[in-house]
Amino acid sequence: MDQDGGTPILSVAGMRATIRLNRPSVHNRIQPEDLQTLIAHFAAIDADPAIRVVVITGTGRSFSSGYHLGDLASRPAAEVTGEASFEQMLEKLENLRAPVICRLNGGVYGGSTDLALCCDFRIGVDTAEMFMPAARLGLHYYPSGMVRYVSRLGLNAAKKLFLTAEKIAAPEMLAIGYLTEMVPADQLDARVDALADRLAAMAPLAVQGVKRSLNEIARGQFDVPAAILRAKESQASEDLREGLTAFREKRVPVFKGR
C-alpha cells in the first residue's frame, strides 16, 4: 500500500455491503486506478442477490476530495485509452440494483459531490461542507453529472454551485436537498444503521424496481413498458404474498427476495 492509502475496500456483512474510500492522507481522493476497482465492487454487489443495501463512506475526517485531476489537460481521454471514465463509473453506481446510502463523514468536493448524488440517500455530519470547483478550474462538467445536479437539487442550486464554485456548509446542503439528513458526528453511525436496516427489511423486488423507475423519471428517460413489466413481476411474486399475509396477521414481513 502506498503512503496515501489504497484502493476502495468492499466488505459484506449479511444483507449489507460497504464500500470505503481509502486514501485518508489525501482526503480520499479517487485516483484513475480506483475506477476499475469501484466498477468491480459494483459488479460483485449486483451479482449477489443476498445484498439488499449498500453504504459508501470515507476513511478518516473527509468523505472525498473528488477525482484526481492531475494532468487532466494533457491526459488522454478514456475513450482513447479504452479505460473506464469517472462518468462511466458513476453511472454504474447510480444504476446499482440495491439502494445506496452515502455516509458523509466529512467534506465532499469536486467529482465526489456527484458520486454522492448517485446514491439514493445522503446522511451527513453537521460539520460537512461541499463545493464544485469546475468553473474555477476551467472545466466544463460531463453531461450526466449536470443532469443529476439539476434533477436532484433544482436549477437554481445547480447554477450556484457550478457557476460560482462557492463552498456551502451542512445546513445549506440540507436546505437544498443535497443531504437527506444532517446529524451530529456521534449519531452518524446510528442513523446510517437504522436506515440500512429499514431498507434491507423492505421487499427487495419492489424496492429495486421502483428505484430504477424513479431514477429513469429523474433523468427524463422513463421506460413505461419496462416499469409495467416490473410491476407485473412484483404482483406475481412471493414478496407480495408475504407482505399481504404479514399485513393481515399484523406481524413484520420476512422477505426472501429472488
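Scanning both residues, Asp126 and Pro184, for their nearest heavy atoms gives OD2-CA, 3.6 Å. Between Asp239 and Pro204, the closest heavy-atom pair is OD2-CD, 3.4 Å. Taking all atoms of both residues into account, the shortest heavy-atom contact from Pro99 to Arg52 is CD-O, 3.3 Å. Scanning all heavy atoms of the two residues, the minimum distance from Arg241 to Ala236 falls at NH1-O, 3.5 Å. Across every non-hydrogen atom of Ser112 and Gly66, the tightest pair is OG-N, 3.5 Å. Between Ala227 and Ser213, the closest heavy-atom pair is CB-OG, 3.6 Å.
Remark: Tyr142 engages no residue in a ring pair (Phe, Tyr, Trp, His ring centres under 6.0 Å) (not counting sequence neighbours). For Val210, the side chain to side chain contact (heavy atoms under 4.5 Å, CB included) partners are Leu214, not counting sequence neighbours. Partners of Lys92 by side chain to side chain contact (heavy atoms under 4.5 Å, CB included), not counting sequence neighbours, listed by chain and number: Ile39, Phe42. Not counting sequence neighbours, the partners of Arg191 by the side chain to side chain donor-acceptor pair (under 3.5 Å) test are Glu181. By the ring pair (Phe, Tyr, Trp, His ring centres under 6.0 Å) test, Phe121 pairs with no residue at all, sequence neighbours left out. Under the rule for a side chain to side chain contact (heavy atoms under 4.5 Å, CB included), the partners of Ile51 that lie at least two apart in sequence or sit in another chain are Val12, Ala17, Ile45, Asp48, Val54, Arg97. The side chain to side chain contact (heavy atoms under 4.5 Å, CB included) test applied to Ile9 returns Asn22, not counting sequence neighbours.
Taking the side chain as every heavy atom from C-beta outward, Arg219 and Ser151 never approach each other to under 4.5 Å. Inter-residue side-chain proximity for Ile30 and Ser64 is flagged as met; some heavy-atom pair is nearer than 4.5 Å. Put simply, the side chain of Glu33 does not reach to within 4.5 Å of the side chain of His68, judged on heavy atoms. Using a 4.5 Å heavy-atom cutoff, the side chains of Asp114 and Glu87 are not in contact. Within the 4.5 Å cutoff, no side-chain heavy atoms of Ile123 are placed close to those of Leu104. A heavy-atom distance below 4.5 Å is not found between the side chains of Ile101 and Cys119. Looking at heavy atoms from C-beta onward, Val192 lies out of side-chain contact with Val183 at the 4.5 angstrom threshold. Contact of the Thr245 side chain with the Arg251 side chain is registered, since non-hydrogen atoms from C-beta on lie closer than 4.5 Å.
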- Query: Under the side chain to side chain contact (heavy atoms under 4.5 Å, CB included) criterion, do Leu240 and Ser234 qualify, and how do the steps go?
  - Reply: CA-CA 7 Å; Leu240 180 60; Ser234 72; 6.0 Å; no
- Item | Steps toward side chain to side chain donor-acceptor pair (under 3.5 Å) verdict (His27, Ser65) | CA-CA 5 Å; His27 302 280; Ser65 56; over 6 Å; no
- Hey, mind stepping through Arg23 and Asp34 against salt bridge (Lys or Arg N to Asp or Glu O under 4.0 Å) and telling me if it holds? CA-CA 11 Å; Arg23 300 184 189 276; Asp34 295 335; 2.9 Å; yes
- Should Arg212 and Glu94 be marked as a salt bridge (Lys or Arg N to Asp or Glu O under 4.0 Å) after you check the CA-CA gap, both sets of side-chain angles, and the distance that decides it? CA-CA 9 Å; Arg212 183 170 179 176; Glu94 184 178 43; over 6 Å; no
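In this structure, Glu91 does not pair ionically with Arg148, as no charged nitrogen and carboxylate oxygen lie closer than 4.0 Å.
Sorted by first and then second residue, the side-chain hydrogen bond (donor to acceptor under 3.5 Å, both in side chains) pairs involving residues 5-16 (not counting sequence neighbours) are Arg16-Asp193. The salt bridge (charged side-chain N to carboxylate O under 4.0 Å, His left out) pairs that include a residue from residues 220-232 are Glu216-Arg230, where partners are two or more places apart or lie in different chains. Contacts classified as ring-ring contact (aromatic ring centres under 6.0 Å, His included) and involving residues 152-205 (residues at least two apart or in different chains) are given here: Tyr141-Phe162, Tyr149-Phe162.
Listed for the Asn105 side chain is a donor-acceptor partner under 3.5 Å among the backbone atoms of Gly60. Looking at Gln88, its side chain does come within 3.5 Å of a backbone N or O of Ser85 through a donor-acceptor pair. Judged purely by atom type and a 3.5 angstrom limit, Lys211 uses its side chain to pair as donor or acceptor with the backbone of Leu96. Here the side chain of Glu242 pairs a donor or acceptor atom with the backbone of Val254 at under 3.5 angstrom.
At a threshold of 4.5 Å between side-chain heavy atoms, the hydrophobic network of Ile, Leu, Val, Met, Phe, Trp and Tyr places Met15 and Val100 in two separate groups. Met130 and Val125 sit in two unconnected hydrophobic clusters of ILVMFWY residues. Membership requires side-chain heavy atoms under 4.5 Å apart, directly or through other members. In this structure, Val150 is not a member of the same hydrophobic cluster as Leu179, with clusters built from ILVMFWY side-chain heavy atoms closer than 4.5 Å. Hydrophobic clustering (side-chain heavy atoms under 4.5 Å, transitive across Ile, Leu, Val, Met, Phe, Trp, Tyr) groups Ile19 together with Leu115. In this structure, Leu117 is a member of the same hydrophobic cluster as Leu21, with clusters built from ILVMFWY side-chain heavy atoms closer than 4.5 Å.
To the nearest 0.5 angstrom, Thr127 atom OG1 is 10.0 Å from Met182 atom CE. Annotation: the span from Thr59 atom OG1 to Arg20 atom CZ amounts to 5.0 Å, rounded to 0.5 Å. To the nearest 0.5 Å, atoms CD1 (Ile56) and SG (Cys102) are separated by 6.5 Å. Distance check: Leu153 CG to Lys160 NZ gives 12.0 Å after rounding to the nearest 0.5 Å. Here CG of Leu163 is found 14.0 Å from CZ of Arg136. Values are rounded to the nearest 0.5 Å. Taking CZ of Arg103 as the start and CG of Leu188 as the end, the distance is 4.5 Å to the nearest 0.5 Å.
Cluster note: Tyr109 groups with Phe131 through ILVMFWY side-chain heavy atoms spaced under 4.5 Å, whether in direct contact or through intervening members. Grouped with Leu229 in a hydrophobic cluster is no other residue, since no side-chain heavy-atom contact under 4.5 Å to another Ile, Leu, Val, Met, Phe, Trp or Tyr is found.
Counted within 6.0 Å of CZ on Arg198, heavy atoms from surrounding residues, nucleotides or ligands total 12 or fewer; the atom is thus considered open. A 6.0 Å sphere centred on CG of Asn156 holds no more than 12 heavy atoms belonging to other residues, nucleotides or ligands. Sparse packing is recorded around CZ of Arg61, with 12 or fewer heavy atoms of other residues, nucleotides or ligands lying under 6.0 Å away.
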